[in-house]
Amino acid sequence: SACVQEPSEKPSEKCGPLNVTKITEHGKRVRKNWMSSWTVLKGSTLLFAKGQGGGTSWFGGGQSKPEFTVDLKGGSVDWAPKEKSSKKHVLELKIRQGMELLLWSEDDGVVNDWFKALQDSISAHAWE
Ligand code: I3S
């Protein structure tokens, strides 16, 4: 079934636009590259589909794939500390394999909803 944007019947499914940048990969800091992304949460899988309106390669690093998927199992999410971004309402998502992402929207309600959904997903799949 197609993921409908808010309010979703299934709390385990959510989608909508978000800005995302990778900040750490394999434990190493990488250069920020904010991108607008259509973001889909299904179970413990979070998928970022490259937004329209140009932009360079997905997540930098020469990837040409239009989508990027991460597994939230064993991850954590929290408000990003101030030194990580000058923007307000930024989430820091830490996932396996030493990857850290920042997620952000101008709309704090949007970010709050994602925070809840990501936390729910992470706790629901904690023991898998
Ligand atoms: O943490 P940084 O390096 O100050 O992040 C900013 C940079 O990525 C900047 O790009 P350039 O350094 O290529 O000009 C971005 O435009 C900013 O958005 C980044 O900072 P914020 O605080 O917006 O996450």
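In each ligand, atom 1 is the first atom listed, and ligand 1 is the first ligand listed.
A cation-pi contact links K87 to W34, judged by a cut-off of 6.0 Å to the six-membered ring centre and 45° from its axis.
Judged purely by atom type and a 3.5 angstrom limit, T24 has no side-chain atom pairing as donor or acceptor with the backbone of E100. Here the side chain of S121 pairs no donor or acceptor atom with the backbone of A117 at under 3.5 angstrom. Although no hydrogens or angles enter the test, the distance criterion places a donor-acceptor pair under 3.5 Å between the side chain of T39 and the main chain of S37.
Using a 4.0 Å cut-off to heavy atoms of R31, the atoms of ligand 1 that qualify are 11 (P), 12 (O), 13 (O). When each atom of ligand 1 is checked for a heavy atom of S85 under 4.0 Å away, the hits are 21 (P), 22 (O), 24 (O). Under a 4.0 Å criterion applied to the non-hydrogen atoms of S86, ligand 1 contributes the atoms 21 (P), 22 (O), 23 (O).
At a distance under 4.0 Å, no protein heavy atom can be found next to atom 14 (O) of ligand 1. Proximity of atom 20 (O) of ligand 1 to the protein is indicated by at least one non-hydrogen atom lying closer than 4.0 angstrom.
A side-chain donor from one of D71 and S44 sits under 3.5 Å from a side-chain acceptor of the other.
The two residues W114 and G16 have their closest heavy-atom pair at CZ2-N, 3.8 Å.
Counting heavy atoms closer than 4.0 Å to ligand 1, residue W34 contributes side-chain atoms (C-beta onward) but none from N, CA, C or O.
Across K32, R29, K84, E83, heavy-atom proximity to atom 2 (P) of ligand 1 is greatest for K32.
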